Amino acid sequence: MARKKETRELKNEINNTYLLFSQYLMDTIRDRSTPLKKRDFERLLKIAVDNLSFVHSGSVLWQDSDGRFFYLAAYNHDYDILKNVTFAPQEMVMRRFKHVYVIKRRSVDIIKELARKLNENEKHIQEKAQSIDNIKAFISIPIRSQRKIVGFFNLDTWDHENIFAETGFESVAELMGNLLSIVVERFELIDMVKEKNSELEKINLFDKLTYLPNLKFLSQYFEKYSEITKRLPTKLYLVYIDIKEFEKINRMYGHEFGDDLILKLSKIITKSCRKSDIVGRTNGDEFIILTLSKENPKSLIKRIQEKVSGFATKSGLNIEIQISTVEYGTDGKDFNTLILKAQEKIYEKRVFATY
């Protein structure tokens with residue numbers, strides 16, 4: 001052995017390293033919800049190298065989105081060399097790598113492999129990578145997530161190729177790999193949950209029938225559009241559309257027919273608008289348009305009325321829509337206030353029409 005130590009001392013050394021290693025991972029889990037990064041693996045490599053007398057350098061290989069493995073981190077190595085080296089999946093995920101494995105080979109073989117990967121001559125690589133040339137053996141610890149190998153935590157010895165067996169380190173390396181796998185998988189699951197929550201949030205922002213923005217999403221657009229009016233010479237209008245006596249249509253023809261009618265009207269309204277206009281459905285028979293314009297959007301309202309009237313004539317249905325318009329600032333500055341104001345205008349029209 002490079003360093004003659006009693007078995008008990010080596011055991012304490014290994015146990016202490018494992019405790020420091022696991023403590024760092026536990027602290028990471030407790031303090032944040034973001035995945036392990038390059039600096040985390042550098043810290044874990046440092047813990048192993050600085051506290052194990054028979055380990056002198058280390059590296060972490062990680063799998064990218066294309067399945068290739070690259071050096072994510074290194075300690076006591078020239079990372080500028082390693083960062084340019086990648087391996088195909090078939091070069092890495094072999095049967096022997098499914099568990100902790102000690103790789104014993106002459107350092108010249110590693111130099112040759114790096115030189116081949118970098119398209120450089122062996123002498124040049126040897127001059128730049130003395131730490132790699134010193135390696136007599138390294139222990140490769142697989143990191144798994146969702147039952148798949150996603151990386152390797154590698155620790156190198158510069159002593160001799162049997163050192164890992166002599167120190168009994170392999171069993172502890174398995175425990176370290178299990179810990180790393182648990183942490184990596186935990187963060188991956190957190191990301192998956194966040195992604196699913198984001199998908200659910202998006203679903204909750206759209207009307208399930210028409211896939212138009214719902215009231216919640218419209219309020220977000222309203223905030224953004226109202227800010228625009230403070231910077232540009234334009235006004236924000238809220239156009240409120242109500243399908244007159246829609247419940248009668250539902251009762252007469254059935255809800256399935258009513259849903260189909262809503263879908264067709266939503267397309268008519270959307271096609272009548274500009275790309276910058278935001279069309280949303282807020283209730284069974286109500287739509288809202290947020291539009292930026294220098295003046296009252298009378299031409300927009302006229303287009304919608306004409307197209308709906310044409311559709312009604314063509315389909316042979318007695319369809320009428322009622323439209324009211326309110327202006328941000330003049331009629332109110334709050335989204336809900338403007339909606340109530342627009343509804344009041346619709347109600348006033350209905351009352352006036354009865355006399």
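Note that the coordinates shown come from a computational prediction; the quantities given were computed from them, not determined experimentally.
- Side-chain atoms of Lys136 come within 3.5 Å of backbone atoms of Asn134 as a donor-acceptor pair (strictly under, hydrogens ignored).
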message: Between Thr210 and Arg281, is the side-chain hydrogen bond (donor to acceptor under 3.5 Å, both in side chains) condition met? List the steps.
response: CA-CA 8 Å; Thr210 63; Arg281 183 189 180 207; 5.2 Å; no
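- Asp78 CG to Ser57 OG: the interatomic distance, rounded to the nearest 0.5 Å, is 12.0 Å.
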List, one per line, each side-chain donor-acceptor pair under 3.5 Å for residues 228-236, sequence neighbours excluded.
unit_1	atom_1	unit_2	atom_2	d
Thr229	OG1	Ser226	O	2.5
Lys230	NZ	Glu227	OE2	3.1
Thr234	OG1	Ser293	N	3.3

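- Separating the NE2 atom in His56 from the CG atom in Asp159 is a distance of 4.0 Å, to the nearest 0.5 Å.
- In this structure, a donor-acceptor pair under 3.5 Å is absent between the side chains of Glu174 and Asn178.
- Centroid-to-centroid, the aromatic rings of Tyr79 and Tyr71 stay 6.0 Å apart or farther.
- Put simply, CD1 on Ile346 and CD1 on Ile323 are 8.0 Å apart, with the number rounded to the nearest 0.5 Å.
- Both Tyr240 and Leu338 are assigned to one and the same hydrophobic cluster, defined by single-linkage of ILVMFWY side chains at heavy-atom distances under 4.5 Å.
- One distance of note links CG of Leu300 with OG1 of Thr291; it measures 6.0 Å at 0.5 Å rounding.
- In Tyr211, the OH atom is not crowded: 12 or fewer heavy atoms of neighbouring residues, nucleotides or ligands sit closer than 6.0 Å.
- Taking the centre of each ring, Phe138 and Phe152 stay at or above the 6.0 Å mark.
- Contact check for Asp259 versus Glu256: no side-chain heavy atoms found under the 4.5 Å cut-off.
- Sparse packing is recorded around NZ of Lys264, with 12 or fewer heavy atoms of other residues, nucleotides or ligands lying under 6.0 Å away.
- Looking at heavy atoms from C-beta onward, Tyr253 lies out of side-chain contact with Leu261 at the 4.5 angstrom threshold.
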message: What verdict does the side-chain hydrogen bond (donor to acceptor under 3.5 Å, both in side chains) test give for Thr17 and Asn51, after you've listed the backbone C-alpha separation in whole Å, the side-chain angles of each residue and the deciding distance to 0.1 Å?
response: CA-CA 6 Å; Thr17 301; Asn51 291 280; 5.1 Å; no
- prompt: Going through the checks in order, is the side-chain hydrogen bond (donor to acceptor under 3.5 Å, both in side chains) test met by Lys208 and Asn214?
  reply: CA-CA 9 Å; Lys208 292 178 182 179; Asn214 61 18; over 6 Å; no
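- Among residue pairs with one or both ends in residues 79-88, those qualifying as salt bridge (charged side-chain N to carboxylate O under 4.0 Å, His left out) are Asp80-Lys83; sequence neighbours excluded.
- The main-chain N or O of Glu13 is never found under 3.5 Å from a side-chain atom of Asn16 such that the two would form a donor-acceptor pair.
- Rounded to the nearest 0.5 angstrom, Ile243 CD1 and Gln322 CD are separated by 11.0 Å.
- Using a distance-only test at 3.5 Å, with no hydrogens or angles considered, a donor-acceptor pair links the side chain of Ser324 to the main chain of Ala342.
- A donor-acceptor contact shorter than 3.5 Å is absent between the side chain of Asp66 and the backbone of Arg68.
- A 4.5 Å side-chain heavy-atom check between Asn162 and Lys104 finds at least one atom pair inside the cut-off.
- Other residues, nucleotides and ligands place no more than 12 heavy atoms under 6.0 Å from the NZ atom of Lys267.
- Annotation: the span from Leu52 atom CG to Thr167 atom OG1 amounts to 8.0 Å, rounded to 0.5 Å.
- The pair Asp50-Lys46 counts as a salt bridge, with a side-chain nitrogen and a carboxylate oxygen less than 4.0 angstrom apart.
- Closest non-hydrogen pair, Cys273 versus Ile269, comes out as SG-O, 3.2 Å.
- If you run ring pair (Phe, Tyr, Trp, His ring centres under 6.0 Å) between Phe335 and each of Phe217, Tyr221, Phe222, only Phe222 comes through.
- Side-chain heavy atoms closer than 4.5 Å link hydrophobic residues (I, L, V, M, F, W, Y) into clusters, and following such links, possibly through other members, connects Ile339 to Val326.
- For CZ of Arg30, the number of neighbouring non-hydrogen atoms (other residues, nucleotides, ligands) closer than 6.0 Å is greater than 12.
- Classification of the Phe153-Phe41 ring pair by plane angle, with boundaries at 30° and 60°, yields tilted.
- In this structure a side-chain-to-backbone donor-acceptor pair under 3.5 Å is present from Gln63 to Gly67.
- Between Tyr328 and Tyr225, the distance from one ring center to the other does not fall under 6.0 angstrom.
- Ring planes of Phe54 and Phe164: perpendicular class, angle over 60° (limits at 30 and 60°).
- Side-chain atoms of Asp207 and Pro213, non-hydrogen and from C-beta on, never get closer than 4.5 Å to each other.
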